[in-house]
Structures are given as structure tokens and as C-alpha cells.
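Order of the sequence lines sets the chain letters (A, B, ...), proteins ahead of strands, with each chain counted from 1.
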Protein chains: 2
Amino acid sequence: MGISERKERERQEMRDLIVEKATQVFIELGYEKASIRTIAERIEYSPATIYLYFKDKDWLFLEVQSVSFGLLLKEFEKTQTIEDPIQRLHALGKAYLDFGIANPAHYELMFINKEPVNCIQKDEVEWHNGMKVMELFRSTLQSCIDAGKLKITNIDIAAFAIWGMVHGMVSLYVTNHYQVMDIPDEVARMMVYQSLDATMELLKA
Amino acid sequence: MGISERKERERQEMRDLIVEKATQVFIELGYEKASIRTIAERIEYSPATIYLYFKDKDWLFLEVQSVSFGLLLKEFEKTQTIEDPIQRLHALGKAYLDFGIANPAHYELMFINKEPVNCIQKDEVEWHNGMKVMELFRSTLQSCIDAGKLKITNIDIAAFAIWGMVHGMVSLYVTNHYQVMDIPDEVARMMVYQSLDATMELLKA
DNA sequence: TTGACAAACTAAACACTGTTTAGTAATTTT
DNA sequence: AAAATTACTAAACAGTGTTTAGTTTGTCAA
């Protein structure tokens, strides 16, 4: 009875197709302006079909977010070969800045928009990628603290300070809010990296 | 001929009424879910009337943002009595955190949403408040640098690092993205303040 | 005070949006 | 071949921002 297996496979392929095309549309237009009808056109099915595979727009979007987190995770994992925890942490920070600046649309979908679905429900979907990104960051931070190489010794405080800073800078850059500072684009980009460098320097024990 | 003056006054009153009610609705529902029709209901006029006073939803929203920036500015100005520039900077940071945490809806309208209108056009409207907030921050920062009390001596780098950090932390808090850190609300709030304190300590020359 | 003009306002429409319902077409099972 | 199940969609619903065309209101000169 290979039929049900094939059906299951086809169903998964259809899901993947929807997520793939939805990702394109979300990236191109942003969350609000990306419409179910546009996504439906891209997959060459009627809008109603999407609702046979996803509860609503938010849950589809969550799946798309997971794809974006996968991209960031890949960049993060590249840093894990670095031995020195402080250098590894610094590299994570740079990777974060690189990712946000190179993929502002992805970054916006991941971190700027309000969370579409609250955490309790998220377990239902493959939310791994976002969690893994966080775990990588925290474990690296813990290594720094364990090695006594960080001036801030509480992991939550350090996490908030560092993640807050890099996220804040990328947010300001991505949303153009930094423009009130009246400095050109390239300079702003430089400042972002130098601010990370400076802060990392201050953080070293 | 006081008639045209009265008319001008009435027109301004109508504008103010719209902005006042629009602010309420934006705060209650957020940018996307706040509808022109809902705002129209609150002012007890038809939706079309709003378009006689504002080009479109974005320009009305810009006016509302200006109100929010006025609130932040008021808090910022309270810190200006402090003599020591470092302490003043620290107080500014705290005021920023206080404001964001106490008024998450306002904060979201001001800093999380993408800019509705680009900067070049903004001059047409009273965009002063946002600028003044920035000026206050930068002048305080400059005072710290001039007094040789800051480890970072480039104002743009310091601005990006500090504003980035406080904005980032408030953003993470306001959008609930910090929840991936798996710490309760009150703890997160504490962390935010302690992260600022720790960073300020590191920044001191 | 009346008639003309201008300003203020709105009902209705247009082209969209997310989502649901009811019904059709295709496929699998009996 | 008939029945049952699955996959899909056309059409509708209630909402959105915005525009148009027309009405009501207020002002001013005759």
C-alpha cells in the first residue's frame, strides 16, 4: 500500500512549494503587503488551497520565518570552529551584523515584525531553527564566562546587553531609523561594525 | 475680517481632533489594524473627511508619531538638570528604557514600525520632536566625550553602540522576541536595566 | 433678504485584503 | 462500475485604504 505514502509525500511537497513561494513573496513585499492571493498565483493554485495546508496567514508566515532562521543558523555554525570563546563570540556578533545588513528583508521578517504566534503554540511547528540560533549564542557566551574572559559574569545580563546591541543596531539600520543621525549609508554600516568591535573590547576581562 | 482667521483656527482644531483620536486608535490597535473608518467613527465624521485634512494614512500616522516623540522628549528634558555628563547620559538611557517599557504601544509606533514616509518629505510636517530627542542624546554624548569621560571617543560610534543597545533591548522586550531566552517578564525587565548599568560602567574612561 | 459662489462634508463605489462555505472534479476504495 | 474519499476552487463575506461625484452648509455681494 504505497499510495498513502505517496499521498503523504505529495502533501509535503505541496507544503514545501507553498512555503518556498510564500518566502519569495514575503521577502519581496513584506508581511502586510504579501497577500494570500499573490502567493496563490505564484503556486498556480487558488487562494483557498493554501488554507488546506496552513491554518492561516500567520502560521504560514511562521514557517517562512523558520526558513530565514535556517539561513542565519548556517552562518552562525560557521563560527563554531573558532577555539577562543571571545573570538567566537565576536565572530557571532559579526555574523549577525553581516546577515542583517546583507538580508534586510529576511531580518525584518525575523526580528522586526511582532511575533505572529505566541511561544506556547509554536511547539506545534518546527520552530527549531530559531531556538538553535539562540542556543548557539548562549553556549558561546557561557564559554566566555566560564573561561573568565568576560567582565559581565551573569549570562542573562550579558545576553541582553550584547544581543540587544547588535539587534538594535541592525534594526536601526534596516528600518532606516538611523537616518535621524544624518550620516550616509556606508558610514552607518561602518559605525555598526566599529561599535561592535569597541563594545567587544570593553567586554573583555 | 476675522472670518478667515476663525476658519483657519477651526481647521487646525479639526486637525488636532483627528490626530488626538487617531493616536488613541493607533495605540489601541497598532498601525495596521487601526482603520480610517474606526478613526472616523471616533471623531464622528465620515472617513472621507479625514482625507480633506491628511494626504493619506501614512501622513496622519506621521503626525501621531510626532505626539509620541513629544512624550519621550518631555522625559528626556527632565534629565538635563543633571550636571555630570556621564550621569546625564546614564539618566537618558534609563529614561529611554522607562519610556519604552511603560509605553510599549507608543514605542512600537515610534521605533518598531518601518518609517512610513522618507526623511526628505518629512520636513513638510512638524517633525521637530524626533529631531530634538536625537539632538539631546547627541549633545549629551558630545559633552561626555569633551570631558574625556568616555572610552569611545568617536561620537557616531558611541551613538550607534549606545542607542543601538537601548533600542535593541527595548525592542526585544516590546516585541516579545526576548521570550526565546526563556526568562520571565520581571526578570527580563531587570536584565534590561542591569545591562544598561553594566555597559555604562564599561564605557567610563 | 436673496441669489451666487465657495467651502465642508459624505454616500457610494473601486479595488483590494484574509477567510469561509458550498459545491465541483479527481482519485481511491469497495 | 458505483460509492466514498480526497483535492481543489468559485463565489461570497466582511473588512481595508482611497476616490469620485454630489449634497449640505456657510459666506458674500447685490
Side-chain angles (χ1 to χ4, degrees), chain A residues 1-19 21-26 28-65 109 113-117 121, chain B residues 1-19 21-26 28-65 109 113-117 121:
Chain A
M1 197 62 66
I3 285 176
S4 69
E5 279 85 349
R6 194 203 72 218
K7 286 230 162 179
E8 182 50 45
R9 203 172 56 235
E10 282 175 351
R11 198 180 157 74
Q12 189 55 53
E13 277 166 12
M14 185 66 166
R15 267 185 73 99
D16 292 346
L17 176 68
I18 296 174
V19 172
K21 298 297 182 184
T23 303
Q24 287 177 14
V25 177
F26 277 122
E28 283 172 34
L29 305 174
Y31 177 80
E32 293 297 342
K33 286 186 177 165
S35 82
I36 297 291
R37 281 171 179 82
T38 307
I39 297 168
E41 241 176 65
R42 295 282 178 95
I43 59 172
E44 297 179 296
Y45 282 82
S46 85
T49 300
I50 292 174
Y51 289 87
L52 299 174
Y53 294 84
F54 298 92
K55 190 180 161 294
D56 56 29
K57 192 183 176 184
D58 280 350
W59 283 90
L60 172 55
F61 178 62
L62 198 68
E63 212 91 349
V64 170
Q65 273 190 324
L109 296 182
N113 289 294
K114 202 156 192 167
E115 301 261 299
V117 180
Q121 298 182 289
Chain B
M1 197 64 64
I3 286 175
S4 67
E5 280 84 347
R6 196 204 70 219
K7 286 228 163 179
E8 183 51 45
R9 202 173 56 235
E10 281 175 350
R11 198 179 158 74
Q12 190 54 52
E13 276 167 13
M14 185 64 167
R15 266 186 74 98
D16 292 346
L17 176 69
I18 297 173
V19 171
K21 298 297 181 185
T23 302
Q24 286 177 14
V25 177
F26 278 121
E28 282 172 34
L29 305 175
Y31 177 80
E32 293 297 341
K33 286 186 177 164
S35 83
I36 298 291
R37 281 172 179 82
T38 307
I39 296 168
E41 240 175 67
R42 295 283 178 94
I43 59 172
E44 298 178 296
Y45 281 83
S46 86
T49 300
I50 291 174
Y51 288 87
L52 300 174
Y53 293 85
F54 298 92
K55 189 181 162 293
D56 56 29
K57 192 184 176 184
D58 279 352
W59 283 90
L60 171 55
F61 179 62
L62 198 68
E63 212 92 350
V64 170
Q65 273 191 324
L109 296 183
N113 289 295
K114 202 155 192 166
E115 301 261 299
V117 180
Q121 297 183 290

**Message:** For the CD atom of Glu63(A) and the CG atom of Asp16(A), what is their distance to the nearest 0.5 Å?
**Reply:** 8.5 Å
**Prompt:** Atom CG of Leu52(B) and atom P of dA7(C): how far apart are they, to the nearest Å?
**Reply:** 13 Å
**Request:** Quickly work out the Glu5(A) CD to dT6(D) P distance and round it to whole Å.
**Result:** 15 Å
**Message:** Donor-acceptor pair, distance only, cut-off 3.5 Å: does the side chain of Asp56(B) make one with the backbone of Trp59(B)?
**Reply:** yes
**Complete:** Value for CD1 (Ile18(B)) from OG1 (Thr49(B)), rounded to nearest 0.5 Å, stands at 7.5 Å
**Message:** Need one value for Tyr53(B): base, sugar-phosphate or nothing, where a base atom within 4.0 Å counts as base even if backbone is also close, heavy atoms only.
**Reply:** sugar-phosphate
**Item:** Glu44(A) backbone acceptor or donor facing Lys21(A) side chain under 3.5 Å
**Value:** no
**Request:** Look at Arg37(B) together with Glu41(B) and state whether they make a salt bridge at an N to O cut-off of under 4.0 Å.
**Result:** no
**Complete:** Between the CZ atom in Phe26(B) and the NZ atom in Lys33(B), the distance rounded to the nearest 0.5 Å is 14.5 Å
**Request:** Figure out the CG/P separation between Leu29(A) and dG18(C), and round it to whole Å.
**Result:** 11 Å
**Fill in**
Its contact letters, B for base, S for sugar-phosphate only and - for none at protein heavy atoms under 4.0 Å, make nucleotides 13-27 of chain D read ---BBBB-------S
**Prompt:** Quick one: is dC9(C) close enough that its OP1 or OP2 comes under 4.0 Å of any side-chain N or O from Ser46(B)?
**Reply:** no
**Message:** I need the CG-P distance between Leu17(B) and dA8(C), as an integer number of Å.
**Reply:** 16 Å
**Message:** Rounded to whole Å, how long is the line connecting atom CD of Glu8(B) with atom C1' of dA8(C)?
**Reply:** 14 Å
**Complete:** To the nearest angstrom, the CZ-P distance between Arg9(B) and dA7(C) comes to 18 Å
**Request:** Measure from CD1 on Ile43(A) to C1' on dC8(D) and round the result to the nearest Å.
**Result:** 11 Å
**Request:** Give the rounded distance in Å between these two atoms: CD1 of Ile50(A) and C1' of dA7(D).
**Result:** 15 Å
